[in-house]
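The analysis underlying the following values was restricted to heavy atoms, covering all of them including side chains, and did not include hydrogens, waters or symmetry mates.
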Amino acid sequence: MAGSDILDTEKIRKEFPILDIEVREGIPLVYLDSAATSHTPNVVCECIENYYKKINSNIHRGTHKLSVDATNAYEEAHDKMIEFVGGSDREEMIFTKNTTESINLVAQAWGLKELGEGDVIVLTEMEHHASLVTWQQIGKRTGATVKYIRVDDSGKLDMEHANEIIDRHVKMMSLVHVSNVLGTVNPVKELSEMAHENESLVLADGAQAAPSMPIDVKELDVDFYAFSGHKMAGPTGIGCLYGREEILEKMEPFMYGGEMIRKVTFDSSSWNDLPWKFEAGTPPICQGIALSKAAEYLEGIGLDNIWRHDNELAEYTMVSLSEMGGVDIYGPPVGEERGGLVSFNLGSSHAHDIASILDDHGIAIRAGEHCTHPLHRVLGVSGTVRASYYLYNTIEEVDKLIAGIEEIKRIFE
Ligand code: C6P
């Protein structure tokens, strides 16, 4: 299958056996939904199998061989993941369940203690519910006000508006790095500088960025960075939170129980060192180890290459849809930097109808509001159809999508 000029997709696809399945007899899978969940290469599947066959055991507890092996592998997985986002200290990498839990950890462990009446939390209109609902509810509980940086007609943040609302009252700015609907790449570094000048902390939601672009948390100048394993060729049930050590040290634990304590009496408890203070109970041991394998795999291909490949497929999709006519495409126009996804609508056709007809052809895309209800109100639509790409997708697959859309257009006309 023809890929882009950047990646050897033929070779890459051999690593992902699921791509060879037929969704129904004679209908091969065309998977264009990696922004929801990506697929898992053999090397990660083998790592999971190997874990359960050879070292499965609880960590930080046993003195026996298996427990020591599992503990070492789990701790080394933290080292790999902090390196993956450009950090250096294991203390700054917390394993969670997913991006949602990473954001909730900061919101509850930091926000409930530090926020109050008169404080402001700045979000953007393109936030995923993982960030929007979480901070909205923290605002209600603490009395802090939530303000949203507007999205302009080209799907980018209105930086003048950001300038207006980022002032001394802001204590937290939580913004999505790459939008899961618009594909917009937000100027995280520039906004971080504005927030830090006002002594606000900054959290970036990297759910759609970490899987496909090189991340350097120091360069981005963020205090927290959240992302999920299942969108970056890793398993479900594992997510990451990078946090600056001095802030994490001051934060209260997120959850209480085993693992996260140092000493416990009937009256009081003290907390374990970072990052374990934030990993209560038996953690996702196998998932964490497998995620570090996924990170190694992606680095082997090159995050820069993956970014350019996904981008090329997105641009090709946008150009093809534009040439077809009658299609509304959302987010930055062709030629501008964007993530490897394209959201669109076909006249007044319902997004779910389009998704279900495409599914008849084996084409898996996502339709609906993509956990961004308020953004869809800003766009003035009830839903969108979204195709999203990853390292294993090909131009031929995009052509199949375009042919499917053309057929749907003919049916509806
Ligand atoms: N988006 C999609 O767009 P979890 O479910 O915790 O792994 O990820 C949540 C999340 C947070 N931020 C952004 C920008 C996201 O895109 C997502 C997940 C998926 O299809 C599911 S709604």
Side-chain angles (χ1 to χ4, degrees), residues 33 35-36 98-104 106-108 111 115 119-166 169-188 191 194-195 200 202-209 224 226-228 231 328-332 338-339 341-345 348 350-352 355 365-386 388:
D33 195 21
N98 47 36
T99 306
T100 306
E101 188 174 290
S102 296
I103 298 173
N104 270 268
V106 179
Q108 295 192 33
L115 293 170
D119 292 335
V120 172
I121 304 163
V122 168
L123 308 179
T124 76
E125 285 183 342
M126 62 173 92
E127 287 318 293
H128 186 277
H129 294 168
S131 151
L132 196 155
V133 178
T134 304
W135 290 111
Q136 175 194 74
Q137 293 306 309
I138 292 294
K140 286 188 196 304
R141 281 167 71 175
T142 59
T145 307
V146 181
K147 292 187 180 172
Y148 298 91
I149 304 172
R150 280 196 292 263
V151 173
D152 68 19
D153 292 342
S154 67
K156 294 201 276 193
L157 291 179
D158 177 342
M159 294 301 277
E160 267 179 39
H161 187 233
N163 219 350
E164 269 167 43
I165 62 175
I166 299 174
H169 297 287
V170 179
K171 294 283 178 300
M172 169 59 76
M173 180 172 72
S174 178
L175 82 163
V176 67
H177 191 175
V178 172
S179 162
N180 67 321
V181 175
L182 303 170
T184 315
V185 184
N186 285 322
V188 172
L191 285 161
M194 284 161 71
S200 165
V202 177
L203 182 156
D205 168 355
Q208 299 295 347
F224 299 103
F227 57 104
S228 297
K231 292 186 199 290
D328 296 313
I329 304 171
Y330 305 96
R338 55 146 63 227
L341 58 89
V342 183
S343 297
F344 59 94
N345 271 316
S348 57
H350 202 286
H352 282 108
I365 48 99
R366 191 167 171 197
E369 293 173 277
H370 318 295
C371 294
T372 55
H373 291 184
L375 174 63
H376 278 76
R377 299 301 81 73
V378 171
L379 297 175
V381 292
S382 60
T384 48
V385 181
R386 185 189 69 189
S388 56

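- Phe224 places none of its side-chain heavy atoms less than 4.5 Å from the side chain of Val202.
- Of all non-hydrogen atoms in Pro374 and Leu132, the two that sit nearest each other are CG-CD1, 3.7 Å.
- In the displayed structure, Lys156 atom NZ is contacted under 6.0 Å by at most 12 heavy atoms of other residues, nucleotides or ligands.
- Within the 3.5 Å criterion, the main-chain N or O of Met172 finds a donor-acceptor partner in the side chain of Ser200.
- The nearest pair of heavy atoms linking Gly383 to Asn345 is O-ND2, 2.9 Å.
- Glu369 is linked by a salt bridge (charged side-chain N to carboxylate O under 4.0 Å, His left out) to Arg377, counting only residues two or more places apart in sequence or in another chain.
- In terms of heavy atoms, Ala195 sits closest to Met173 at CB-CE, 3.9 Å.
- None of Thr100, Thr99, Asn98 except one satisfies the side-chain hydrogen bond (donor to acceptor under 3.5 Å, both in side chains) rule with Ser228; the exception is Thr99.
- Taking 4.5 Å as the limit, some side-chain heavy atom of Leu191 sits within range of a side-chain heavy atom of Leu157.
- Leu375 pairs with exactly one of Thr124, Leu182, Val381 by the side chain to side chain contact (heavy atoms under 4.5 Å, CB included) rule, that one being Leu182.
- Side-chain contact between Lys147 and Leu123 is absent, with no heavy atoms from C-beta onward closer than 4.5 Å.
- Contact check for Val181 versus His376: side-chain heavy atoms found under the 4.5 Å cut-off.
- Between Ser131 and Val176 there is no side-chain heavy-atom pair separated by less than 4.5 Å.
- For the side chain to side chain contact (heavy atoms under 4.5 Å, CB included) test, residues two or more places apart in sequence or in another chain that qualify with Ala144 are Leu115, Asp119, Ile121, Thr142.
- Counting heavy atoms from C-beta on, the side chains of Asn186 and Thr184 come closer than 4.5 Å.
- Residues Val106 and Trp135 form a side-chain contact, since some pair of their non-hydrogen atoms from C-beta on lies under 4.5 Å apart.
- Checked by atom type and distance alone, the side chain of His350 pairs as donor or acceptor with a backbone atom of His352 at under 3.5 Å.
- Between the CG atom in Asn180 and the NZ atom in Lys231 there is a gap of 7.5 Å [rounded to 0.5 Å].
- For the atom pair Ser388 OG and Gln208 CD, the distance stands at 7.0 Å (nearest 0.5 Å).
- Atom CE of Met159 sits about 13.5 Å away from atom CZ of Arg150, to the nearest 0.5 Å.
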Output, in order, the C-alpha distance, side-chain angles, deciding distance and verdict of side-chain contact (heavy atoms from CB on, under 4.5 Å) for Val122 and Ile149.
CA-CA 7 Å; Val122 168; Ile149 304 172; 3.7 Å; yes

Would you check, one step at a time, whether the test side-chain contact (heavy atoms from CB on, under 4.5 Å) holds for Phe227 with Asp205?
CA-CA 7 Å; Phe227 57 104; Asp205 168 355; over 6 Å; no

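- Under the 3.5 Å distance criterion, the side-chain polar atoms of Glu125 are matched with a main-chain donor or acceptor of Val151.
- Looking at His370, its side chain does come within 3.5 Å of a backbone N or O of Thr384 through a donor-acceptor pair.
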Could you check Asp33 against Ile365 for side-chain contact (heavy atoms from CB on, under 4.5 Å), going step by step and ending with a plain yes or no?
CA-CA 5 Å; Asp33 195 21; Ile365 48 99; 5.8 Å; no

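- Of all the heavy atoms in Gly368 and Ala351, the pair that sits closest is N-CB, 4.2 Å.
- One finds the OG1 atom of Thr145 at 11.5 Å from the CD1 atom of Ile165 (value rounded to the nearest 0.5 Å).
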Stepwise, does the side-chain contact (heavy atoms from CB on, under 4.5 Å) test hold for Val342 with Tyr330?
CA-CA 7 Å; Val342 183; Tyr330 305 96; over 6 Å; no

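- Contact record, Ala209 with His177: CB-ND1, 3.4 Å, taken as the closest heavy-atom pair.
- Residues Pro332 and Ser154 are not in side-chain contact: their nearest non-hydrogen atoms beyond the backbone lie 4.5 Å or more apart.
- Put simply, CG on Leu379 and OG on Ser343 are 8.5 Å apart, with the number rounded to the nearest 0.5 Å.
- The main-chain N or O of His373 is found under 3.5 Å from a side-chain atom of His129 such that the two form a donor-acceptor pair.
- Interatomic distance, CG of Leu175 versus CG of Leu203, reported as 8.5 Å (0.5 Å rounding).
- Looking at every heavy atom in both residues, Thr134 comes nearest to Ala107 through CG2-CB, 3.5 Å.
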